[in-house]
Q: 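Right, I'll just put the structure down here and ask away after.
Letters A, B, ... mirror the listed sequences (proteins, then strands); counts begin at 1. Predicted model only: the values in this text are computed from it and were never measured.
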Amino acid sequence: MIPGSFDYLRPTTIGEAVSALAESGEDAKVLAGGQSLMPLLRLRLALPEVLVDLDHVAELREIRDTGDSVFIGAMATHHQVIKDPLVRAHAPLIAQATATVADPAVRHRGTLGGSLAHADPAGDLPAVILALDGVLIAQSAHGPREIPAADFFEDYLTSALEPAELLLGVRIPKLGTGWGFHYEKFHRTAQAWAIVGVACGVRRANGAIEECRVALTNMGPAPVRAHEVERALLGRVATQNAFKAAAAHAAEGTAPTGDLHGSAEYREHLARVLTARALTTAAGI
Amino acid sequence: MPRIKVEVDGVTYEDDVEPRLLLVHYLRDRLGKVGTPVGCDTTNCGACTVLMDGMSVKSCSVLAVQADTHDITTIEGLRINGALHPMQEAFHSEHGLQCGYCTPGMIMASIDLLRENPDPSDEEIREGLEGNLCRCTGYQNIVRAVRSAAHEMSHSEVTSHD
């Protein structure tokens, strides 16, 4: 399969990339790592007139400490993110979940920013960024814009990015001590997409749960926070029974669809089971 | 048409390429490197895996123009002074293949796996090769071959064509 024809632009700075997008209009598509876009191009499900390749915009690959948060550049590859000491120290959930994305060859090319902008409901990283209250930074000719993760993922393959906006990266607040994290995914085969995934973090103090974050992958057209689960655990002692009871709320407020991998009801069941598992593992009990 | 300069298996090529040309088609159709097959064409099977600057990539999911200035190694570039690479030898001696279609990708991915982890456990080998599918169900012998190559390569200085 051969992609349709397109013009190819290869900016080397953020400024050039933003200008290229502004000049190319709605017929342009940004090429990050290409591991989702290339299959779409080959199948001609995407037929952009212009492809803006960010491969040579080195500044977009930076991961840096910004004091109370860590900034991960949009073009940081999955491979880079998994190994990065700042990510491992301050956002270990991202490193752990990213290591479950696809396979090593795909992780060498695929990028965090690309998978967030692609906004695939079965993608693992949107739920992770949502659980961590990440803030996405976009840039257009009109200047920068900050978009909280809760507002970024709008619908199936649809983010809040405007056509002429470039995703620069995501800021992840440092959460401090006492936290345990886990990403639990259920999929048919090693490299398959998640049928359901659960990203969670639990902070305990003196045995009781002080704060909890739970976000779900593929339980609707966009990742969703399981707020009822989070609320049910506040102040509770972290036991398997407490997690199981709270996880019974996991499917509330979700809107999964049925497909050949499972019905909506099956996904709701998985959300409850996997949430209990994820919380238990995160809390280390 | 963009002009690219790319090193493939130790030889530098300069070519004008259409932006939509996939790396795997450039390798096969322009350079005649048909040792790299097209398998699924959907970024799943890993048959077309090559090394780009030493790291495994699926060449059906990279544009030729993105290989500009990079160093590509295919299955055809693994021989050292006419001798098979230890990974090729191990796949041969351990019978790590049946029909052979997945083998070039398996071998390239396995070389990358050992670069990252020279002494992997069986589980780490299986995880490291999760992006490469064998439809003959030959995984047992493939894992055995990688383990054997890891042992062989840890006793040898030779790791790549260069």
Q: Enter the distance from B:Thr49:OG1 to A:His108:NE2 here, rounded to the nearest 0.5 Å.
A: 10.5 Å
Q: Is it the backbone or the side chain of B:Asp112 that comes under 4.5 Å from a heavy atom of chain A, or both, or neither?
A: side chain
Q: Heavy-atom count around A:Glu26 CD within 6.0 Å, excluding the residue itself: above 12?
A: no
Q: What distance separates A:Asp53 CG from B:Asp68 CG, expressed to the nearest 0.5 Å?
A: 10.5 Å
Q: Return the CE to OH distance between B:Met1 and A:Tyr8, rounded to the nearest 0.5 Å.
A: 15.0 Å
Q: Answer whether the closest heavy-atom distance between the side chains of A:Leu51 and B:Leu63 falls below 4.5 Å.
A: yes
Q: Can you confirm whether more than 12 heavy atoms, excluding those of B:Glu14, are under 6.0 Å from its CD atom?
A: yes
Q: So which residue, A:Met1, A:Arg107, A:Arg42, ends up with the most heavy-atom pairs under 4.5 Å with chain B?
A: A:Arg42
Q: Return yes when atom CG of B:Asn117 has more than 12 non-hydrogen atoms of other residues, nucleotides or ligands closer than 6.0 Å, and no otherwise.
A: yes
Q: On a heavy-atom basis, which atom in A:Pro104 and which in B:Ser56 lie closest, and how many Å separate them?
A: C-OG, 4.3 Å
Q: For the CG atom of A:Leu43 and the OG1 atom of B:Thr42, what is their distance to the nearest 0.5 Å?
A: 7.5 Å
Q: Please identify, among B:Thr69, B:Val62, B:Leu21, the residue contributing the most non-hydrogen atom pairs under 4.5 Å to chain A.
A: B:Val62
Q: Can you see which heavy atom on A:Met38 is nearest to which on B:Cys60, and at what distance?
A: CE-O, 4.5 Å
Q: Taking the side chain as everything from C-beta on, heavy atoms only, tell me whether A:Gln35 gets closer than 4.5 Å to B:Thr43.
A: yes
Q: Examine distances only and state if a side-chain atom of A:Arg10 and a backbone atom of B:Val65 form a donor-acceptor pair shorter than 3.5 Å.
A: yes
Q: Within a 6.0 Å radius of atom NZ on A:Lys29, are there more than 12 heavy atoms belonging to other residues, nucleotides or ligands?
A: no
Q: With chain A as the partner, which of B:Glu116, B:Met108, B:His25 has the greatest number of non-hydrogen pairs under 4.5 Å?
A: B:Glu116
Q: Check each atom of A:Leu31 against the heavy atoms of chain B and say whether the ones under 4.5 Å are side chain, backbone, both or neither.
A: side chain
Q: Looking at chain B, which one of A:Gly34, A:Ser5, A:Pro39 has the largest number of heavy-atom pairs inside 4.5 Å, strictly under?
A: A:Ser5
Q: Please state whether the side chain, the backbone, both or neither of B:Leu133 comes within less than 4.5 Å of a heavy atom of chain A.
A: side chain
Q: May I ask you to check whether over 12 heavy atoms, not counting those of A:Gln96, lie within 6.0 Å of atom CD?
A: yes
Q: Non-hydrogen atoms of chain A under 4.5 Å away: do they reach the side chain of B:Gln66, the backbone, both or neither?
A: both
Q: Measuring from A:Thr77:OG1 to B:Met55:CE, what's the distance to the nearest 0.5 Å?
A: 6.0 Å
Q: Where do A:Ala102 and B:Glu130 come nearest, in terms of heavy atoms and distance?
A: O-OE2, 3.3 Å
